[in-house]
Each structure stands twice: as structure tokens, then as C-alpha cells.
Protein chains: 2
Amino acid sequence: MVAAVETRRQIVDAADSLFYAQGFAQTSFADIAAAVKISRGNFYYHFKTKDEILEAVIDKRLSDRRKLLAKWDETADGAKKRIECFIRIVIVNQAKIMAYGCPVGTLTTELAKVDHPSRERANEIMVLFGDWLERQFRELGCGESSRDNALHVLGWSQGVATLAQAFKDKAYVEREVSKILTWLDGITAGPEQKHSQ
Amino acid sequence: MVAAVETRRQIVDAADSLFYAQGFAQTSFADIAAAVKISRGNFYYHFKTKDEILEAVIDKRLSDRRKLLAKWDETADGAKKRIECFIRIVIVNQAKIMAYGCPVGTLTTELAKVDHPSRERANEIMVLFGDWLERQFRELGCGESSRDNALHVLGWSQGVATLAQAFKDKAYVEREVSKILTWLDGITAGPEQKHSQ
DNA sequence: GACGAAATTGGACAGTCGTCCTAAATGTTG
DNA sequence: CAACATTTAGGACGACTGTCCAATTTCGTC
């Protein structure tokens with residue numbers, strides 16, 4: 001027997017991909033059922049409503065990102081290298097970003113427009129990255145500018161993702177990466193230094 | 001008698017607002033009909049399909065933006081001041097952006113996800129701003145960096161809009177504006193100068 | 001005022017949506 | 001093997017979708 005928890009995991013995985021590729025509202029039970037190869041009626045056994053699936057997907061994404069950040073915390077040497085890891089996501093995930101945009105940003109935007117109950121929960125993924133980045137900048141000695149710098153990098157990633165999806169211009173993404181890395185170098189030049197403004 | 005062209009205009013206006021506030025797919029004929037106060041069946045007289053309404057909305061947005069840019073070309077004194085006009089949109093339209101995001105970016109993202117036929121047409125609004133910004137930077141003497149700088153500012157606006165909608169942080173928007181304005185000042189410092197990388 | 005064109009109405013239509021229930025199949029345990 | 005709980009399949013349901021049409025009203029013109 002396939003345990004219920006396994007089927008549930010498959011549903012969440014498929015929903016995660018489909019919500020990313022098509023958007024939450026555009027993805028139907030039928031779509032997910034086809035991907036997991038189960039009957040539509042089976043959903044009700046695992047999830048009472050579509051919103052419950054969304055909650056599970058957001059929880060999974062939160063968990064996945066926490067693991068990713070933890071890995072960077074372990075492997076990358078120094079705060080600057082860790083911030084670089086974040087910056088380079090737009091290159092690592094370039095293909096998907098050019099096709100579907102940023103998984104965090106696009107979901108946040110979609111849920112905000114319809115004022116969905118899970119809107120706040122989805123925002124927490126954004127907050128997660130923001131707080132993590134802030135810690136890195138603080139470790140870098142940015143002091144009170146740490147929060148600003150964190151949001152600056154976070155916003156940068158969202159802008160790059162949006163334009164990458166619109167123009168599908170690989171060179172643009174690479175230019176923006178080298179541009180922000182140069183900016184980052186300027187930050188590390190001196191301790192307690194404010195960013196270039 | 002109310003001319004057909006007038007009813008059509010009202011439909012497009014209402015659709016424009018609703019597509020922005022709720023998204024294209026989330027907006028139904030019933031929504032637009034309620035806003036314009038006409039019967040649902042009346043749509044078919046003015047538009048054959050929902051996609052036709054979308055096309056009309058995109059055309060209107062293109063037209064509106066062209067007029068806005070033309071106004072800036074006339075009134076603002078110098079390329080730098082004109083770029084500043086663009087940058088300050090995120091402050092002028094702050095309330096709407098915090099509620100619904102960027103009207104250009106969110107539509108582009110939504111249509112790209114479902115690979116909608118009007119996707120390219122919607123992108124033209126983004127292109128319109130990109131080309132206009134490029135002209136300004138060229139006039140500023142940025143030469144070959146003009147395109148890069150244009151996309152940099154365009155991407156910046158998208159990132160700010162996304163985070164503004166997620167966090168609804170007015171101060172963040174203002175900080176980012178002053179930050180990019182400082183960057184812009186650096187650009188104008190010398191002719192033919194490459195941006196800070 | 002009568003006529004024809006323009007514009008609007010309300011509903012029919014086939015399809016899809018999320019939800020929900022019952023019956024069947026499957027696996028586990030005595 | 002029998003009794004049981006767990007899991008799945010398939011379809012019914014009411015509501016909503018975009019589309020489309022026939023009947024009606026409104027308008028400009030003779």
C-alpha cells in the first residue's frame with residue numbers, strides 16, 4: 001500500500017510545480033490530478049479545499065528555502081559569499097525564471113491581488129530571505145544599513161526576475177548580476193560603511 | 001442615444017481597472033458588466049471574445065503611456081529630469097502599487113505564465129518604457145551603456161513595485177528612490193561614462 | 001408618427017470549476 | 001480467511017465561466 005502521506009506529498013509536489021508554472025488560480029484540481037495520476041475525487045481525502053493545498057505548498061516552499069539558506073550558512077565561507085549565493089540564484093534558475101518568473105514574487109503578487117487568506121503566509125517566504133540577507137549584511141558590518149541593503153538585494157532579484165521573464169534576455173541577467181556584485185564589493189570595502197548613497 | 005463607441009470606451013476603462021486590481025483571468029464578464037452597469041449579453045455586440053477586450057485594454061494602456069512619455073518629453077527640462085519623472089512614478093502611484101503592484105509588470109507576468117496570445121503585445125508596454133529610457137540615457141551621453149542603464153532603471157522599478165506590494169512599506173520605496181537618484185547623479189557626472197561597475 | 005438601423009436585454013448553451021458523497025478497492029490485523 | 005480501517009475511484013451537485021442568439025428597446029431619419 002502507498003501510505004497516505006506519500007500520496008499527499010506527491011500532490012503537494014505537483015501542486016507546487018503547477019502553481020509556479022501556471023499560477024494558483026489557473027491551476028485546477030484536474031491539472032494536479034492528471035500530474036499525480038489519481039482521481040479528482042481522491043483530493044477530498046487529503047485536502048478539504050484548494051486553499052488547503054495552497055497552504056501545504058507554501059509550507060513546503062518555506063521549508064525548502066529554510067534548508068537552502070541553512071546549506072549556504074554551512075558551506076559558504078563568510079557573509080559576502082553567502083550573499084553571492086543568493087544573487088546567483090537568478091543565474092542558476094535562469095531557465096525557469098525566464099519561463100515563469102520568480103516563484104516567490106509571482107505567488108506573492110497573485111495572492112495580494114485577490115487578497116487571499118494565505119497572502120500573509122506566502123509573504124513569509126519573502127520575509128525569510130529578507131531577514132537572512134539582513135543577518136548577512138550585519139555580519140558584514142553594515143550596522144543600521146543592513147536592513148536597507150537586504151531589501152535592496154531582495155528587490156533587485158525581483159526586478160531582474162520580472163524583466164528576465166518579459167524579455168528572456170540572458171545577457172541582461174548576467175550584466176545585472178555583475179553589477180550588483182560590484183555594488184556588493186563596495187559594501188565590503190569598509191566596516192560600518194553606508195551603501196553608496 | 002449613447003453611441004456604441006462610448007459604451008465601448010466604458011467597457012475598456014472598467015476592464016482596465018479590473019484587470020489591474022484583480023488580474024485578467026480573475027476578472028469575469030459579470031465583473032465588468034457590474035462596473036459598467038450593462039447586461040452581460042451586451043458584450044458580444046462590442047467584443048467577440050474576452051481576449052478582444054484584453055487587446056483593447058493593452059492598446060489603451062500603450063496609448064496612455066505614450067501620452068505620458070510625450071508629456072514628460074515636453075515639460076521636463078533635460079534627459080535627467082525626465083528619467084527622474086519615471087523614477088518618481090513609484091511614489092506618485094504609491095497607493096495603487098502597494099495594493100496591486102505595477103500594472104505593466106503584473107500583467108506581463110500573468111500573460112507570460114499562461115503563454116497568452118496577447119503576451120507579446122503586453123510586453124510592448126515594457127519595451128516602450130525601455131526604449132524611451134534608453135533614449136534619455138543616450139541623450140545624457142551614456143553611449144553604449146544607455147541600453148544597460150535603461151534596463152537597470154526599468155528592472156529597479158519592477159523590483160520596488162513587487163516589494164512595495166508585498167511589504168507595503170512606504171519608507172522602503174522612498175529609500176530606494178533616493179538611492180537610484182544618487183546612482184543617476186553618478187551617471188551624469190561625466191559624459192560617455194560607464195555606470196558604476 | 002412610422003420606419004429601419006443601432007444598441008441593449010435576458011437567457012440559453014456547453015463546459016469547467018471546487019466541493020462532496022457513496023461505493024469499491026486495497027492494505028492491515030486478528 | 002475474516003473483519004477491519006485506510007485509501008481510492010467515479011460521479012453528482014450547484015455555481016460560475018465565456019460564448020452566442022433571439023427578442024426587445026432605443027435612436028436617428030424620413
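Fair warning: this is a prediction, and the values are worked out from it, not measured in the lab. Proteins come first, then strands; the chains are lettered A, B, ... in the order of their sequence lines, and each starts at number 1.
D:dG11 atom P lies 16 Å from atom CD1 of A:Ile38, rounded to whole Å. When the C1' atom of C:dC20 is taken as reference, atom CZ of A:Phe47 falls 17 Å away, rounded to whole Å. Rounding to whole angstrom units, CD1 of residue B:Ile32 and C1' of D:dT19 are separated by 14 Å. Atom NE2 of B:His46 and atom C1' of C:dA7 are 7 Å apart (whole Å). Between the CZ atom of A:Arg40 and the P atom of D:dT8 there is a distance of 16 Å, rounded to whole Å. Rounded to whole Å, atom P of D:dC21 lies 18 Å from atom CZ of B:Phe43. Here the C1' atom of nucleotide C:dT16 and the CG atom of A:Asp31 are 11 Å apart, to the nearest Å. If you measure from atom OH of A:Tyr45 to atom P of D:dG10, you get 18 Å, rounded to the nearest angstrom.
By the 6.0 Å contact criterion, NZ on A:Lys168 is enclosed, its count of non-hydrogen atoms from other residues, nucleotides or ligands being greater than 12.
The minimum heavy-atom distance between B:Val90 and B:Ile87, with the atom names listed, is CG2-O, 3.2 Å.
With contacts defined as side-chain heavy-atom distances shorter than 4.5 Å, the pair B:Trp183/B:Asn149 qualifies.
Nearest-nucleotide positions on DNA chain D for B:Tyr44 and A:Lys37 put A:Lys37 closer to the 5' end.
Ring geometry for A:Tyr20 against A:Tyr100 counts as perpendicular: the plane angle is over 60°, on a 0 to 90° scale with 30° as the lower cut.
Each of C:dC17, D:dT19, D:dA9 was ranked by its minimum atom distance to the side chain of A:Asn42; first place goes to D:dA9. In the set D:dT7, C:dT19, C:dA12, D:dT7 carries the atom at the smallest distance from any side-chain atom of A:Thr7. The listed nucleotides are C:dT8, D:dG18, C:dG18; the one nearest the side chain of A:Phe29 is C:dG18. In the set C:dC17, C:dT19, C:dA6, C:dC17 carries the atom at the smallest distance from any side-chain atom of A:Ser28.
Within the 4.0 angstrom heavy-atom criterion, base atoms lie near B:Ser39.
Ring centroid separation for the pair B:Trp72 and B:Trp132 comes in under the 6.0 Å cut-off.
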